[in-house]
Trainee: 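The structure is given below, and queries will be raised subsequently.
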Amino acid sequence: MNKLALTAVLAWAVVAGGVFAAGDHKADESANERPKIPPTVRPPEDQKIVKYRPATPKQIEANHKLAKQWAEKVRQDIAPKMHLVETEHFLIFSEWALDDDKSLADVCEKMYAAMCRQFGIPAKQNIWAGKCPIYLFRNIGHFRRFTTEVDQADRPEAAGYQRQYSNGFCYIVINAVRNKIQFYGILVHEATHAFLGRYLTNRPVSTWVNEGLAEYMAAMQVPGSWASQRHIYAARVAAKGRADVMRIFQDMEPTELDYGLAQSLVRFMIARDRKAFVKFVKLIKEGESEAEALKKSYRTTHAGLARAWTQAVERMYKLRR
């Protein structure tokens, strides 16, 4: 990849086929302030690579039992209105109103199908060890009590998070967000992390790839979400020479700018060659270094990718340093 096509970059702002278009539902209340972006986590270098295999019936039963035990504890001690919405791939434990059940179910399944399309996986294939539990809260206090009393995750200020364990138990937790569009954006973001964590092996990808892909999926699936705005802002900042793109590869920070840069880079790679991006992620998950994965999938280096992306962004905004 000596120079990525400018035409691919021009497609970045096009949002189509979303699972939750901005006009589908009105926000029930005014959007509250943006939740804090969670801190980035570097992947361990010495983690043993374990290939995921289809879950056994015993494993599935154990995972579902634990998920439902947690939900029952929440219903009894924290959020009496929490109830189960079950779909083909998810156990959705929702504190939302019953009227939202169908919308939640539809969004989650369309979201799963979109992630399968991204990685060329048949939608009928189940990447989870059973069904993935999702805990949805409408009350910030209830979310905080869940994180400390049930999950013991100690993430009381997070907008949402996902966790995975070696036994295959994987789940998603979403905080109270009054604006439905932003709520669904956070849900898609965290579900993408969960999906990528379960893809092929347990080996994590680097922060910029993980967060960039999660932001990209949220932006594409939920037009009008914060994720759909961050990459535009970041590209403009970079075009004016006010952002060090190379730093993202080693030291990504939990800021709007860095999340936007990571998404913009991932968008750039996917627009250039979606199959190459899948190969890039697959190679990393199978044990290749990120540098080797870039070389084998895009025939470039980190510096080459940054240079091609920067040139395209500068042309896009007709700004020269």
Side-chain angles (χ1 to χ4, degrees), residues 37-55 59 63 111-112 115-116 118-121 125-129 132-134 151-155 158-174 186-218 227 246-255 258-259 261-267 269-270 276-298 301-302 305:
I37 294 176
T40 56
V41 179
R42 290 184 179 278
E45 297 295 334
D46 58 349
Q47 182 173 353
K48 181 180 179 181
I49 301 174
V50 177
K51 185 175 182 179
Y52 286 127
R53 301 185 183 281
Q59 184 182 15
N63 289 346
M111 172 179 69
Y112 183 83
M115 289 186 287
C116 286
Q118 174 63 42
F119 286 98
I121 298 173
Q125 180 177 330
N126 188 10
I127 200 168
W128 314 120
C132 179
I134 305 177
D151 193 13
Q152 299 180 350
D154 193 25
R155 302 183 184 184
Y161 63 90
Q162 62 84 36
R163 300 182 81 185
Q164 304 192 34
Y165 293 91
S166 58
N167 63 355
F169 187 51
C170 169
Y171 57 96
I172 299 164
V173 187
I174 307 296
I186 295 168
L187 175 59
V188 174
H189 180 109
E190 295 303 329
T192 302
H193 284 324
F195 189 97
L196 189 56
R198 290 285 305 171
Y199 178 60
L200 296 177
T201 74
N202 68 331
R203 186 174 191 246
V205 298
S206 61
T207 300
W208 75 270
V209 178
N210 202 348
E211 298 297 347
L213 182 62
E215 286 285 284
Y216 168 77
M217 293 300 294
M246 284 295 292
R247 177 182 57 78
I248 295 296
F249 299 132
Q250 297 295 330
D251 189 29
M252 181 176 166
E253 298 178 352
T255 64
D258 280 13
Y259 270 53
L261 289 172
Q263 180 190 166
S264 191
L265 284 164
V266 167
R267 279 175 168 265
M269 296 170 74
I270 292 174
F277 182 78
V278 173
K279 181 179 180 180
F280 168 68
V281 173
K282 183 178 179 181
L283 287 171
I284 294 173
K285 295 287 284 185
E286 291 177 343
E288 291 278 8
S289 69
E290 190 171 285
E292 279 299 310
L294 266 177
K295 181 179 179 180
K296 292 180 179 179
S297 56
Y298 284 96
T301 62
H302 286 92
L305 173 62

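Sequential numbering from 1 along the given sequence is applied to the chain's residues.
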Trainee: With sequence neighbours left out, write down each residue that passes side-chain hydrogen bond (donor to acceptor under 3.5 Å, both in side chains) with Tyr199, or none if nothing qualifies.
Mentor: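 Partners of Tyr199 under the side-chain hydrogen bond (donor to acceptor under 3.5 Å, both in side chains) test: none.
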Trainee: Is any side-chain heavy atom of Leu213 closer than 4.5 Å to one of Val281?
Mentor: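 No, their side chains stay 4.5 Å or more apart.
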Trainee: Can you confirm whether Thr192 sits close enough to Met115 that some side-chain heavy atom of one is under 4.5 Å from a side-chain heavy atom of the other?
Mentor: yes
Trainee: Taking all non-hydrogen atoms of both residues, which atom of Glu215 and which atom of Ala227 are closest, and how far apart?
Mentor: O-CB, 3.5 Å
Trainee: State the CE-CZ distance between Met252 and Arg247, to the nearest 0.5 angstrom.
Mentor: 9.0 Å
Trainee: Can you name the nearest heavy-atom pair linking Gly160 to Glu190, along with the distance?
Mentor: O-OE2, 3.3 Å
Trainee: Measure the shortest side-chain to side-chain distance between Phe195 and Ile121 over non-hydrogen atoms and say whether it is less than 4.5 angstrom.
Mentor: yes
Trainee: Distance from Gln125 atom CD to Tyr112 atom OH, nearest 0.5 Å?
Mentor: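 One gets 6.5 Å once the value is rounded to the nearest 0.5 Å.
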Trainee: Hey, can you tell me if Tyr259 and His189 have their rings parallel, tilted or perpendicular (30° and 60° cut-offs)?
Mentor: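 Rings of Tyr259 and His189: parallel, under 30°.
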Trainee: So, using side-chain hydrogen bond (donor to acceptor under 3.5 Å, both in side chains) as the criterion, who are the partners of Asn210 when residues are at least two apart?
Mentor: His193
Trainee: In Å and rounded to the nearest 0.5 Å, what is the CD1 to OH distance from Ile270 to Tyr216?
Mentor: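 With rounding to 0.5 Å, CD1 (Ile270) is 4.5 Å from OH (Tyr216).
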Trainee: Rounded at 0.5 Å granularity, tell me how far CD1 in Ile49 sits from CD in Glu286.
Mentor: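 With rounding to 0.5 Å, CD1 (Ile49) is 9.0 Å from CD (Glu286).
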Trainee: Give a yes or no answer on whether the side chain of Tyr161 reaches the backbone of Arg155 with a donor-acceptor pair at less than 3.5 Å.
Mentor: no
Trainee: Arg163: which residues meet the side-chain hydrogen bond (donor to acceptor under 3.5 Å, both in side chains) condition with it, sequence neighbours left out?
Mentor: Asp151, Tyr165
Trainee: Could you pull out the closest heavy-atom pair between Thr301 and Leu294, with the gap in Å?
Mentor: C-CD1, 3.9 Å
Trainee: Would you please name every residue forming a side-chain hydrogen bond (donor to acceptor under 3.5 Å, both in side chains) with Lys296, sequence neighbours left out?
Mentor: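 Lys296 satisfies side-chain hydrogen bond (donor to acceptor under 3.5 Å, both in side chains) with Glu288 only.
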Trainee: Just verifying a value: how many Å separate Leu200 CG and Tyr52 OH, rounded to the nearest 0.5 Å?
Mentor: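 It comes to 10.0 Å.
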Trainee: Taking all heavy atoms of Ile172 and all of Cys132, pick out the closest pair and write down the distance.
Mentor: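 It is CD1-SG, 4.0 Å.
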Trainee: Taking all atoms of both residues into account, what is the closest heavy-atom pair of Val266 and Val209, and its distance?
Mentor: CG2-O, 4.3 Å
Trainee: Taking side-chain contact (heavy atoms from CB on, under 4.5 Å) as the definition, give me every residue that meets it alongside Gln152, ordered by chain and number, with sequence neighbours left out.
Mentor: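 With neighbours one apart ignored, the set is empty.
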Trainee: Just by modelled atom types, is the Asp258 backbone N or O under 3.5 Å from a matching donor or acceptor in the Glu253 side chain?
Mentor: no
Trainee: Return the set of residues passing side-chain contact (heavy atoms from CB on, under 4.5 Å) with Ala293 (not counting sequence neighbours), or none when no residue passes.
Mentor: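 So Ala293 forms a side-chain contact (heavy atoms from CB on, under 4.5 Å) with Phe280, Leu283, Ile284.
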Trainee: Can you sort out the partners of Ala129 under side-chain contact (heavy atoms from CB on, under 4.5 Å), two or more places apart, ordered by chain and number?
Mentor: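 Per chain and number, Ala129 pairs via side-chain contact (heavy atoms from CB on, under 4.5 Å) with Ala55, Gln59, Asn63, Arg198.
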Trainee: Working to the nearest 0.5 Å, report the span between CD of Gln164 and CH2 of Trp128.
Mentor: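 Going from CD on Gln164 over to CH2 on Trp128, the span is 7.0 Å.
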Trainee: Could you pull out the closest heavy-atom pair between Val205 and Lys285, with the gap in Å?
Mentor: CG1-CD, 4.0 Å
Trainee: For Ala291, what residues pass the side-chain contact (heavy atoms from CB on, under 4.5 Å) criterion, not counting sequence neighbours?
Mentor: Ser289, His302
